[in-house]
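Only one structure is covered here, and it is reproduced in the block below.
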Amino acid sequence: MNRNEIVEHLASKGVKPTANRILVLKALHEANRPMSLKALEMKLLSMDKSSIFRVLTLFLEHEVVHSFEDGRGLLNYELCGHHGPCKHDENHIHFYCEICQRSFCLEDAQMQDVQLPEGFEAHAMSFVIKGVCAECKAK
Ligand SMILES: [Zn+2]
Ligand SMILES: [Zn+2]
Ligand SMILES: [Zn+2]
């Protein structure tokens with residue numbers, strides 16, 4: 001994504017492009033996998049933690065990103081796969097590596113629809129497999 005594409009993508013989500021917002025989106029796009037606040041902090045050394053957190057909170061509200069708890073119970077953030085409004089059809093399983101502490105999207109592993117009890121309404125699903133990623137396993 002170049003700068004124009006980022007600005008256009010933010011606009012499609014109803015978010016005004018500020019310098020910080022562009023930086024956070026770019027970092028998540030480059031990583032190409034979910035990141036924790038801590039991981040973003042280490043990548044965006046020019047930004048302080050509270051600024052990054054403010055951008056992420058706004059991104060969550062506008063569904064520029066989605067969050068889920070990784071194998072440690074820490075929130076991870078990943079980009080919404082939709083340009084414009086989110087269609088909420090991106091449920092997939094995540095893999096958490098206990099060695100490098102990174103999360104991976106298993107896009108091909110779609111979650112089954114779960115039959116909920118009468119009167120219950122689901123808003124999000126999260127499923128995390130913990131283990132060792134291929135890179136760490138090969139070491
Ligand atoms: Zn989405
Ligand atoms: Zn690993
Ligand atoms: Zn994912």
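Whatever order the structure lists them in is the order used to number ligands and atoms, beginning at 1.
Looking only at atom types and distance, the side chain of Thr18 has no donor-acceptor partner in the side chain of Asn20 under 3.5 Å away. Counted by atom type alone, His82 and Glu63 present zero donor-acceptor pairs between their side chains at under 3.5 Å. Checked by atom type, the side-chain pair Ser36/Asn76 shows no donor-acceptor distance below 3.5 Å.
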Taking it one step at a time, do Glu107 and Glu90 satisfy side chain to side chain contact (heavy atoms under 4.5 Å, CB included)?
CA-CA 8 Å; Glu107 305 278 5; Glu90 302 147 281; over 6 Å; no

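Nearby protein atoms of type N, O or S around the Zn ion (ligand 1) amount to 4 (distance under 2.8 Å).
Within 6.0 Å of the CD atom in Glu98, the count of heavy atoms belonging to other residues, nucleotides or ligands exceeds 12.
Glu78 has its closest N, O or S atom to the Zn ion (ligand 3) at the position named OE1. His92 contributes atom NE2 as its closest N/O/S atom to the Zn ion (ligand 3).
Here the angle centred on the Zn ion (ligand 2), running from SG of Cys100 over to SG of Cys97, is 100°, rounded to 10°.
Listed by first then second residue, pairs satisfying salt bridge (charged side-chain N to carboxylate O under 4.0 Å, His left out) with a partner in residues 52-61 number zero, not counting sequence neighbours.
Of the charged side-chain nitrogens involved, at least one lies within less than 4.0 Å of a carboxylate oxygen, so that Asp70 and Arg72 count as a salt-bridged pair.
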